[in-house]
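Just so you know, these numbers use all the heavy atoms, side chains as well, and skip hydrogens, waters and symmetry mates.
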Amino acid sequence: MDQQKKVRVRIAPSPTGDPHVGLAYITLFNYVFSKQNAGELVLRIEDTDRTRYRRSSEERIIRSLNWLNLKWDEGPDVGGKFGPYRQSERLDIYKKYAEDLISKGKAYRCFCTPERLSQMRQKQKDEGSRFGYDGKCRNLSSEKVNSLLAQKTPSVVRLKMPEDGVIPIRDHLRGVIEIDASQLDDQILIKSDGFPTYHLANVVDDHLMQITHVIRAEEWISSTPKHVVLYQAFSWPEPEFIHLPLLRNQDRSKISKRKNPTSLDFYRRKGVLPEAMLNFLALMGWSYGEDKEIFSLDQMLEKFSFKNVSLGGPIFDIQKLLWLNQQYIQDLSEDSFIKHIQKNLFNEGYLRNLYSLTKSRLNSFDQFVDKFSFFFSGELDYQGLSILPKNRSLTDFKKVIKNLLERLDNLDNWDEKNLKEIFQNQLQEIAWKPKEYYMPIRLMTTGTKDSPPLVETLAVLGSEIVRYRLQNSLTYLSKKA
RNA sequence: GUCCCGUUCGUCUAGCCAGGUCCAGGACACCGGGUUUUCAUCCCGGCAACAGGGGUUCGAAUCCCCUACGGGACGCCA
């Protein structure tokens, strides 16, 4: 590794939904590596996809990483001299560099419509031929380009990939990987809405922000040659690439929220200690040595080396995470133990939310914990509950709940008003009796038919817990059937 | 389909780079036993893996090749 330059690394989440365990995983290794080398860690928000953008997401990313006590030196929240740190605020920069490539003949405008591209792809799939852009607009005359532009024809900017030869990429963990240029097609750099794609924004920003090591997940390996070509087109030095293994579901596919709870907020709500989460994540791919499994972030900082990273994709095993958490709970001092419960379970803010929902249902306070346990627990016991409405098939029911989950996933602001709207809309669409719809949801999310008003209750419970319980009870129903 | 990456107990992994000390070590889970008036903790024990084949070598989990399997990528997503 380059000894001269100060180590600068970055994490580049896109604010599209729940902050993910994968983000924490990558952040951990970036953090450790930067600290170990007296370097700097940058948080850069990659908000270039307007359709998937969720306004609340950036704040949640920051909150989740703060929960884990992983701090960065530069970012949209703390500033820094290489800002702005949100890509949506850097559009002029990307535009300028894209124009630069066009003028150097290394990129070109493409007027192909999305329809044509998807037809092309379909045809390629049917014929079993090579996938990728066919280069239709690659050699348009400048008159043609200008006239199309004058007509305001929507266009994108594409990078001209070399037509032959091999593109070597250097991965710190895997060595040199040679990719045949024929495998690559002309990537879009600027979308028709003027926003850059990941490839352009990422390379430009990594360069301008003087990133020395790109530590990211393995799924990026196959995009790396595109990035290498971009670095070459700009005549910029490449950073060192370090691709970490991908976290996996039980079935070994890339970890996903469909098959696992992946939201950091979920684990926080469940009562996993941040120290335990970091320790667990560190164990995914890295080993401390000496048969030592329980160690602090500081201890990891002393011992960490990429040499001890293993490349097989580790399965995210919640059982082991919980065992680790248990070990950390054992070691909590009396004060920290009490503080944790007060802060996370019975904190004033949460209790205030419960006040109006629970007050009228108590004739003495000793009923509180028992009656409202679902406000404090993670998963519920569905044993003995008849969730499935009479006269509805399991298949139909599952379809409805899955659809509901999708809507909830995409909900940006988790509040009574929005929830109510989602429920009303769906109920109207499926035209079930209200009771057939609301009661199962109530059972699934609270484990009891005697709960405070549903929407208010769900609003208080929060997105992670509610979605997890819906998912969970669906699994329970499938197993039972 | 094409390309790329990977492959040690069910799971996380040590060992591999510098071949012998590995009939493969630790941890989770599981099973059994003990301590505990219950439960949990804790302690002890057990089960369980070098993907397959070929080569190199006196000797291969370790080096090389092939195959299989798993995964990822092939988007106006990141």
>> Rounded to whole Å, how long is the line connecting atom CG of A:L247 with atom P of B:rG71?
In response: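 The answer, rounded to whole Å, is 16 Å.
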>> Can you measure A:L184 atom CG to B:rC3 atom C1' for me and round it to whole angstrom units?
In response: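 Atom-to-atom, A:L184 to B:rC3, this comes out as 9 Å.
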> Taking C-beta and beyond as the side chain, do A:L159 and A:H199 meet within less than 4.5 Å on heavy atoms?
Replying inline: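 No, every pair of side-chain atoms sits at 4.5 Å or beyond.
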> Do A:L311 and A:E218 come close enough that some side-chain heavy atom pair is under 4.5 Å?
Replying inline: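 No, their side chains stay 4.5 Å or more apart.
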Please work out whether the ring planes of [X] and [Y] are parallel, tilted or perpendicular, with thresholds of 30° and 60°.
| X | Y | result |
| --- | --- | --- |
| A:F241 | A:H243 | parallel |
| A:Y382 | A:Y476 | tilted |
| A:F33 | A:F306 | tilted |
| A:F372 | A:F374 | perpendicular |

Distance, [atom1] atom - from [M] to [N], rounded to whole angstrom:
| N | M | atom1 | result |
| --- | --- | --- | --- |
| B:rA18 | B:rC23 | P | 23 Å |
| B:rA49 | B:rC43 | C1' | 27 Å |
| B:rG52 | B:rG70 | C1' | 15 Å |
| B:rG54 | B:rU11 | P | 26 Å |
| B:rA24 | B:rC50 | P | 10 Å |
| B:rC44 | B:rC22 | C1' | 25 Å |
| B:rG71 | B:rC31 | C1' | 32 Å |

> Would A:K270 count as a cation-pi partner of A:F266, with NZ or CZ less than 6.0 Å from the six-membered ring centre and within 45° of the ring normal?
Replying inline: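 Relative to the ring axis of A:F266, which defines the angle, A:K270 lies outside at least one limit.
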>> Just checking A:F29 against A:Y25, ring centres under 6.0 Å apart?
In response: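 Distance test on ring centres: under 6.0 Å, yes.
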>> Under the side-chain hydrogen bond (donor to acceptor under 3.5 Å, both in side chains) test against A:D206, which residue among A:H227, A:R8, A:R44 passes?
In response: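 Passing option: A:R44.
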Can you pull every protein N or O that's under 3.5 Å from an N or O on nucleotides 73-75 of chain B?
| from | atom 1 | to | atom 2 | distance (Å) |
| --- | --- | --- | --- | --- |
| B:rA73 | OP1 | A:K254 | NZ | 2.8 |
| B:rA73 | O4' | A:S222 | OG | 3.0 |
| B:rA73 | O2' | A:S222 | OG | 2.9 |

Taking N or O atoms only and anything under 3.5 Å, show me the protein contacts with nucleotides 43-46 of chain B, one pair per line.
none

> At what distance, to the nearest 0.5 angstrom, does CD1 of A:I318 lie from CG of A:L322?
Replying inline: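 Going from the CD1 atom of A:I318 to the CG atom of A:L322 covers 7.0 Å.
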> Below 4.0 angstrom from OP1 or OP2 of B:rC77, is there any side-chain N or O of A:K191?
Replying inline: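 Answer yes for this pair, as a side-chain N or O of A:K191 is under 4.0 Å from OP1 or OP2.
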> Is the shortest side-chain N to carboxylate O distance from A:D134 to A:K123 below 4.0 Å?
Replying inline: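 No salt bridge links A:D134 with A:K123.
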Protein and nucleotides 12-14 of chain B: nitrogen or oxygen contacts under 3.5 angstrom:
| from | atom 1 | to | atom 2 | distance (Å) |
| --- | --- | --- | --- | --- |
| B:rC12 | OP1 | A:I315 | N | 3.0 |
| B:rC12 | O2' | A:L283 | O | 3.0 |
| B:rU13 | OP1 | A:G285 | N | 2.6 |
| B:rA14 | OP1 | A:S287 | OG | 3.2 |

